[in-house]
Amino acid sequence: LQRLHLTVAATKYPRKLDGKFVELLQTVLCSPKSPEQIQVLCAAILREMSPCNDLILSCDEIQDTKLLSLVSSILLAQGNKGKVAAVGQRVVKVLEKRLPEGQSARFLLPVLANVISLSPESLTEEQTNVVSKKLADWLRYASIQQGMAQPSGGFFSSPRTKQPAPVTEVDGAVATDFFTVLSVAQHYTQDQWLNVQTFSMLRNWLLCYGGKELNTTNPATAGRLLPPRERLREKAFEYCQRLTEQSNRRPLKKDDGDLQKACLIEAVTIMDIICKQDSSYVCRAVSFLKVLHSRICGDASYARALLPIAQFFLNHSKLAAVDSDAIYKHLFTELPAQLFHNPSLAFEFVQFCKDNSQFFTDSSIFRQSFPNLFKFLAWNSPPLISEFVDLLPFLLDAGTAIEIFHLVLDLPCLTAALDMQLRAAALPASEKSSSDPAGKPARCLEAFRHPVYKSMFQYLLRTESAPEDAPESLVPLRQLLGSLAGSPRVVQCAETVPVLLELFFGVVAEFADGSLINQLVVLLLQRSDQLYEIPSFKDHVYRVLSSQLVMLCRLHPALVVELSTEILEFSGTVSNIQSKEAIFTHMVWAIGEYLSVSYDKRCTVEQITRFFETLEAVLFEITQLRPQASTPSCAPRAISVLMATLTKLAARSQDLIPRVSMFLSKMRTFVQSPAVTSVYCEEDLEEILIRATELMNLLKMPSVAQFVFTPPVASTRFQREVNDSLPLALRMVTQLLEPAPGSVP
């Protein structure tokens, strides 16, 4: 049976057992003579074979709780809601009666927990009331004496039994209050096990059957007269209060300390649920949790417990009329700065922000703390990127867009700086002495406290938004951190930046006005020179920035006129073609597309001429044939776009047509030069020559050229299709001017 179980469990392919054999497994499982180990194996095999068509099992007549648990696990694995409901009915029926001697409900609570997870609607209100009453008793009235060890049955085993000892707290003190999951014993009684199981399923039970918002009288005075649902709430609230008190004790074992923290998180979460369902508990919980927060907020080991506390105050502070800003301030300021390297906290923190993003839209504390939130992403980028993609839109508005743009581009640099921060904190005190202010630091670690770099590190590692404190440039810091550019963590972080950039521009496009778009375009051109030196990172970022540059120009075409100085400086720099070809090409295309009176009435002939002369000089520089110097290798696409843009500008200021026509006529000499043919492939040169010929032919008919190159602003689908068909128009004109040999005139 063990070998069979391994076979069916360790394969991803469906296995089929003979129907007769499946029947035998069920017979052996239900036989009272079968040893428990055999029953467990039969049940495990049948579960692995699920869904199984040959099942004849039923839980209706089973009295033994262990067997009922095994059979129920098989029926629940079939994925049939009818079977789930039948299991739920049977388990509740067994629980509501007094169990025979030797039987325990302990085996049935896990089954019940599965039933409510799979199909909560399978239990009636009457049945949930029966179970709620049982759960309340198990929570509150478990024995406070330790269980007895089972006699071994050996020859020397003593028939006399010792008096049971009392259970203790995690610090070893004798427990003076009721039993909880944090009570300690060498051996546990059945009702103590039920207490632990009840607490483990309590949250789901309350969420499924706790009821909607109520406003009852003070439950503390109602006592046992309360209906089952309300009584369970009362006992659960008392239980959670006791757990929070127990979490203050110093544990003797480390494992107990971990359990304290886990139970505290669960207890606060359950109190929050109870207060949502019955608002009369809110005032008691608020005062209680404020004290708890002040006790644990300075202890980093309890950091994860601060999230459910903050969640509670988000949900209930208005009703309780309390100011909880100090709790949020501590949460967003201290935790990310100190514990960004804790992966579970990072995930839960970002998930918490995502779940409550609607709450935080009006919270200045949340919106001011976004530099801190980016630390979680910088350090834990692969597992957190999908959560951050959902969160980023809530952080972006006109006031934060510029700073977040810088933060996204500097994310790998932030990862390297956080690495330095951790290393610097781990240094022994003897090595933490300040560096020589006059000398240049030899290592990154020395630079962390060096006066020249300290302010840059402080800004990059800031906890709150501070655009006014930005240093003139972080270039020295990026250069200093270059030694960490190959770090796996930094490289992984860099891979998330293109995704975030595309999302950033997509969100900004929804609210940006002309002023913000102008700022972003200027920054885009500036920051293309100021990126962390990771080769593949820069290539991917340039690809995204170039496509987003076109989108910004489309949103606000007037920026070509408004930012003429900055655009001329960028597009007039020949080195940008080699280092930033994608951005350069898209910028030049945007000039040709949008530098037109059709888009901006302020566009003058003088401006068109300035742009023409600048781009003409660039094209001349990269296509000039030098006898001795080597020809600079530029992307064929850049040459084609420069030719097209010069032609477009000439069509709008026709005095320039002779200049561009003469230039285009020389392109044949350029593409046939040996110096050029050795650099470019034949297909690229042919494309350049075809484009030059087409443009030159079009300029022979200035009025046609003006119509083709200065189309109306595309506001309809037809106009957009006309604009998109420019290559077709070029080819048609070429065919008219240069008919193929033998064709009819």
Side-chain angles (χ1 to χ4, degrees), residues 1-95 97-119 147-155 157 187-194 196-197 200-201:
L1 286 173
Q2 284 176 333
R3 291 178 64 186
L4 177 60
H5 177 248
L6 180 62
T7 303
V8 296
T11 177
K12 61 183 179 180
Y13 302 107
R15 297 278 190 174
K16 186 161 178 64
L17 291 177
D18 179 73
K20 180 65 177 172
F21 186 71
V22 172
E23 187 182 331
L24 282 170
L25 284 173
Q26 295 173 83
T27 305
V28 173
L29 168 63
C30 296
S31 169
K33 296 180 181 179
S34 297
E36 185 180 345
Q37 186 183 12
I38 298 295
Q39 288 179 311
V40 169
L41 274 170
C42 289
I45 293 166
L46 289 169
R47 276 199 306 274
E48 288 293 341
M49 298 302 298
S50 300
C52 182
N53 297 327
D54 300 317
L55 275 186
I56 53 172
L57 284 175
S58 168
C59 59
D60 291 344
E61 302 301 326
I62 300 176
Q63 301 295 329
D64 183 84
T65 53
K66 276 189 186 178
L67 180 59
L68 180 56
S69 171
L70 290 173
V71 171
S72 296
S73 70
I74 299 165
L75 295 174
L76 293 178
Q78 303 310 305
N80 182 308
K81 287 223 169 187
K83 285 186 167 57
V84 174
V87 169
Q89 303 292 321
R90 180 61 187 162
V91 168
V92 173
K93 194 171 182 181
V94 172
L95 285 176
K97 294 179 181 176
R98 185 177 182 84
L99 291 173
E101 188 69 29
Q103 299 293 310
S104 172
R106 176 183 165 192
F107 302 104
L108 300 182
L109 279 192
V111 177
L112 190 61
N114 281 336
V115 168
I116 65 173
S117 295
L118 293 168
S119 180
M148 300 299 297
Q150 294 297 318
S152 62
F155 182 77
S157 60
H187 305 283
Y188 293 95
T189 62
Q190 290 297 317
D191 62 346
Q192 287 167 352
W193 281 117
L194 286 166
V196 173
Q197 287 180 323
S200 73
M201 65 180 284

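We count residues from 1, following the sequence as given. Not measured: the values here are computed from a predicted model.
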Using atom types as modelled, flag every donor-acceptor pair under 3.5 Å from a side chain in residues 17-24 to any protein atom, sequence neighbours excluded.
residue, atom, partner, partner atom, Å
D18, OD2, K20, N, 3.0
D18, OD2, F21, N, 3.4

Hey, does the side chain of [X] reach the backbone of [Y] with a donor-acceptor pair shorter than 3.5 angstrom?
{"X": "R90", "Y": "I62", "result": "yes"}
{"X": "Q103", "Y": "T65", "result": "yes"}
{"X": "R106", "Y": "L194", "result": "no"}

Verdict with supporting geometry, V115 and V91, side-chain contact (heavy atoms from CB on, under 4.5 Å): CA-CA 10 Å; V115 168; V91 168; 5.8 Å; no
So which atom in [X] and which in [Y] form the shortest heavy-atom distance, rounded to 0.1 Å?
{"X": "A86", "Y": "C59", "answer": "O-SG, 3.9 Å"}
{"X": "G147", "Y": "T189", "answer": "CA-CG2, 3.6 Å"}
{"X": "L99", "Y": "A105", "answer": "CD1-N, 3.4 Å"}
{"X": "L25", "Y": "L1", "answer": "CD2-CD2, 3.9 Å"}
{"X": "L57", "Y": "C30", "answer": "CD2-SG, 3.6 Å"}

Distance-only criterion, 3.5 Å: show the donor-acceptor pairs between side-chain atoms of residues 73-80 and protein atoms not counting sequence neighbours.
residue, atom, partner, partner atom, Å
S73, OG, R47, NH1, 2.9
S73, OG, L70, O, 2.6
Q78, OE1, C52, N, 2.8
Q78, NE2, S50, OG, 2.7
Q78, NE2, I74, O, 2.8
N80, OD1, G82, N, 2.7
N80, OD1, K83, N, 3.2

Student check: side-chain heavy atoms of N114 and V87 closer than 4.5 Å: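 No - every pair of side-chain heavy atoms lies 4.5 Å or more apart.
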Within-4.5 Å side-chain heavy-atom neighbours: L29 and L67: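 Yes, at least one pair of side-chain atoms sits under 4.5 Å.
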Atom pair CG/CE of L4 and M49 - distance to nearest 0.5 Å: 8.0 Å
Summary of side-chain hydrogen bond (donor to acceptor under 3.5 Å, both in side chains) pairs that have at least one residue in residues 28-45, sequence neighbours excluded: E36-K66
